Novice: 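Take this structure first; my questions come after.
A quick note: this is a predicted structure, and the numbers were derived from the prediction, not measured. The chains referred to below are lettered A, B, ... by the order of the sequence lines, with proteins before strands, and numbering in each begins at 1.
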Amino acid sequence: MIVQTGIQPISVGRRAKDRIIQMLIFLAFALALIPLVSVLWMVVGNGMQRFDLEFLTHSMRDIGARDVGGGAYHAIVGTLEQVLLASLIAIPIGLLTAIYLVEYGNGGRLARTIGFFVDVMTGVPSVVSGLFVLAFWILVLGMPFSGFAGALALSILMMPVVVRSAEEMLRLVPRELREASYALGVPQWRTIVKVVLPTASTGIVTGVMLAVARVAGETAPLLLTVFFTDSINNDPFQGPQMGLPLYVFDQAGRPTDSAIDRAWTGALTLILIVMLLNLVARLIGWWRSPARRRS
Amino acid sequence: MAKQIEVSDLDAYYGSHKAIEGITMTIEPRSVTAFIGPSGCGKSTFLRTLNRMHEVIPGARVEGKVRLEDQDLYGPDVDPVSVRRTIGMVFQRPNPFPTMSIFDNVAAGLRLNGRVSRSEIEGVVEESLKGANLWNEVKDRLHKPGAGLSGGQQQRLCIARAIAVRPEVLLMDEPCSALDPISTLAIEDLIAQLKKDYTIVIVTHNMQQAARVSDRTAFFNLAAQGRPGRLIEMDDTSKIFTNPAEKATEDYIAGRFG
């Protein structure tokens with residue numbers, strides 16, 4: 001073969017390859033969108049039927065097996081409270097762990113051990129975390145079924161996700177920024193609070209929201225810990241509560257059409273809640289970012 | 001303000017690797033001292049030992065003495081944070097805090113170090129930006145992000161940030177290596193002004209720059225690749241550049257190696 005030198009046009013073969021790969025990537029993208037779009041389509045289509053004020057403001061108390069109507073208010077309250085409590089437990093612990101790993105651990109023995117156990121926790125199936133809370137909190141310590149027990153189980157699932165995503169984001173903060181701060185005579189902890197965390201905040205918020213979204217849809221750990229109820233229970237520390245995933249699971253298992261409709265609407269509500277939380281978090285992130293001031 | 005630095009028999013390590021060895025020198029107050037030498041000879045490492053920034057890197061440590069007037073910076077009960085507050089530093093690449101405005105960047109050292117009144121901060125910010133020859137360019141957009149400035153402006157912003165905490169000494173690690181000639185000139189003019197009030201130490205790869213801005217020059221070199229860097233000689237800049245005592249210095253300045 002003769003090796004050609006000099007400046008040349010792009011060969012036909014390379015052009016064709018470029019096109020083919022481009023098409024393949026586009027195809028893969030479209031393929032990946034199919035399940036997402038179809039799920040959204042089904043949930044919105046089927047869920048809109050019962051997405052009304054009654055659904056959002058009423059519980060299932062005194063709704064008979066064949067009755068139409070009823071709602072998920074008790075489940076919405078339960079989900080919001082459980083996810084809030086789980087976040088209150090998991091986010092601070094997760095963030096502090098990530099800060100330790102990145103800023104203080106220096107890859108030492110303790111940091112590596114913690115990192116290993118975070119990985120192990122990531123692999124814990126959600127039903128196992130529910131079983132753990134059931135066995136330890138409820139059976140051994142004798143605590144009642146409650147929304148708080150559910151929040152404990154959810155926080156176990158949430159923690160490793162928060163640690164890993166926050167860790168990634170903190171590692172992205174350039175070393176020069178930390179050094180710039182040290183060189184001004186700023187102690188390490190203030191550097192972390194005032195320079196490192198604000199710089200990584202957008203990414204950390206995204207990671208935290210993903211963790212929230214993940215646990216908001218968990219059914220199995222709730223099944224074993226918050227028990228079950230058709231009534232409104234505003235107190236997450238006392239007595240059985242409900243949660244939206246649990247509600248969907250329960251209603252979808254019932255044999256009547258009105259129950260199936262309620263399950264679809266429950267799923268739609270759950271998606272909307274997660275989306276709303278996401279939007280709020282992003283708005284806060286945008287509102288505090290320097291990009292806003294630039295304009 | 002502006003104090004003398006005395007270094008005696010200083011070694012610096014990264015883990016088990018000895019980066020510099022046996023450095024002894026005196027840095028005069030209210031003057032500019034330039035460090036020159038080939039890449040990897042430990043100029044920057046040595047600079048970072050002067051305000052205890054070296055030990056920020058995991059595994060790095062220092063042996064020997066650094067005295068600021070009569071205080072030993074590596075004394076057992078010395079707080080490294082207070083050392084860095086006294087000896088400021090400007091880095092090779094401009095590194096303004098990306099989440100902060102121009103104003104907040106300059107105010108960062110004061111704010112992050114404790115409570116200072118609002119009016120006092122405003123005064124210091126204006127004074128520091130004027131000191132860094134940046135005030136006229138940014139006075140109308142103090143609350144825009146610092147990252148929106150040009151490279152040269154960012155570097156002057158970093159200098160303003162460093163002098164806002166009123167250090168005694170200002171260390172500069174190749175402050176112009178990422179800048180264009182015009183910005184470099186602006187920084188060099190600034191250095192000439194700042195030496196009235198500060199002790200300035202500058203690391204540079206640019207020999208003309210060392211000749212232009214410094215009063216005294218120290219030449220560093222390493223015996224061989226992988227061996228620790230050493231101070232070869234230190235003298236008045238005019239002497240180093242016209243009539244150095246060591247052959248190696250002459251060769252380096254003449255561009256025969258490095």
Side-chain angles (χ1 to χ4, degrees), chain A residues 95 99-112 114-115 166-167 169-206 282 284-295, chain B residues 47-48 50-59 79-114 141-148 154 157-158 161-167 170-173:
Chain A
L95 272 185
I99 289 172
Y100 174 78
L101 287 178
V102 176
E103 306 288 337
Y104 294 97
N106 288 335
R109 184 184 295 261
L110 182 61
R112 272 177 304 165
I114 292 172
E167 195 190 341
M169 291 306 137
L170 291 176
R171 284 198 200 285
L172 284 182
V173 176
R175 185 180 176 85
E176 290 97 67
L177 284 184
R178 297 187 178 91
E179 293 198 339
S181 179
Y182 297 152
L184 290 172
V186 180
Q188 189 175 11
W189 69 274
R190 287 200 87 121
T191 300
I192 293 167
V193 174
K194 298 284 183 178
V195 176
V196 178
L197 285 180
T199 308
S201 68
T202 324
I204 292 177
V205 167
T206 307
R282 267 166 209 285
I284 293 172
W286 171 80
W287 188 68
R288 297 203 38 188
S289 76
R292 187 180 62 100
R293 273 175 275 155
R294 197 166 307 176
S295 56
Chain B
L47 190 76
R48 292 168 62 98
L50 297 181
N51 68 341
R52 298 194 62 169
M53 281 295 286
H54 178 65
E55 66 208 49
V56 165
I57 297 163
D79 178 5
V81 170
S82 70
V83 170
R84 292 177 205 134
R85 219 169 280 176
T86 316
I87 305 181
M89 189 163 193
V90 175
F91 296 83
Q92 189 169 356
R93 292 230 316 264
N95 52 1
F97 299 125
T99 53
M100 297 183 195
S101 67
I102 293 169
F103 184 94
D104 292 338
N105 259 288
V106 181
L110 295 177
R111 281 209 187 121
L112 299 183
N113 279 329
R141 45 171 173 159
L142 286 176
H143 296 284
K144 296 275 160 75
Q154 285 189 21
L157 177 63
C158 292
R161 181 175 68 184
I163 58 179
V165 292
R166 321 224 172 176
L170 203 55
L171 308 177
M172 297 179 156
D173 188 358

Novice: How close do B:Met53 and B:Arg84 get, counting heavy atoms only, and between which atoms?
Specialist: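 So the two residues come closest at SD-CD, 3.5 Å.
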Novice: Identify which part of B:Ile87 has an atom lying under 4.5 Å from any heavy atom of chain A, answering side chain, backbone, both or neither.
Specialist: backbone
Novice: If you compare all heavy atoms of B:Val81 against all heavy atoms of A:Gly185, which two are closest, and at what distance to 0.1 Å?
Specialist: CG1-O, 3.2 Å
Novice: Using only non-hydrogen atoms and a strict under-4.5 angstrom cutoff, which residues of residues 170-180 of chain A touch chain B?
Specialist: A:Arg175, A:Glu176, A:Leu177, A:Glu179, A:Ala180
Novice: Taking B:Asp173 first and then B:Arg48, would you say they form a salt bridge - that is, a charged N and a carboxylate O separated by under 4.0 Å?
Specialist: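 Judged by the 4.0 Å cut-off on N to carboxylate O distance, B:Asp173 and B:Arg48 do not form a salt bridge.
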Novice: Does any backbone or side-chain atom of B:Phe91 lie under 4.5 Å from a heavy atom of chain A? Answer side chain, backbone, both or neither.
Specialist: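 Contact with chain A involves the side chain of B:Phe91 alone.
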Novice: Under the side-chain contact (heavy atoms from CB on, under 4.5 Å) test, which residues partner A:Leu95, sequence neighbours left out?
Specialist: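 Listed in chain order: A:Ile91, A:Ala166, A:Ile204.
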Novice: Under the ring pair (Phe, Tyr, Trp, His ring centres under 6.0 Å) test, which residues partner B:Phe103, sequence neighbours left out?
Specialist: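 Residues passing ring pair (Phe, Tyr, Trp, His ring centres under 6.0 Å) with B:Phe103: B:His143.
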Novice: For B:Pro80, is it the side chain, the backbone, both, or neither that has a heavy atom closer than 4.5 Å to a heavy atom of chain A?
Specialist: neither
Novice: So for B:Val56, is it side chain, backbone, both, or neither that comes closer than 4.5 Å to the heavy atoms of chain A?
Specialist: both
Novice: To the nearest 0.5 Å, how far apart are CZ in B:Arg111 and CG in B:Asp104?
Specialist: 4.5 Å
Novice: In terms of heavy-atom proximity below 4.5 Å to chain A, should B:Arg52 be classed as side chain, backbone, both, or neither?
Specialist: neither
Novice: Between B:Gly146 and B:Pro96, which heavy-atom pair has the shortest distance, and what is it?
Specialist: O-CG, 4.3 Å
Novice: Please look at A:Ser181 and chain B and tell me whether the side chain, the backbone, both or neither of the residue comes under 4.5 angstrom of a heavy atom of that chain.
Specialist: both
Novice: Atom OH of A:Tyr182 and atom CE of B:Met89: how far apart are they, to the nearest 0.5 Å?
Specialist: 14.0 Å
Novice: Determine the option with the most heavy-atom pairs under 4.5 angstrom with chain B, choosing from A:Gly107, A:Pro187, A:Ala183.
Specialist: A:Ala183
Novice: Applying side chain to side chain donor-acceptor pair (under 3.5 Å), name anything that partners B:Asn95, two or more places apart in sequence or on another chain.
Specialist: B:Arg161
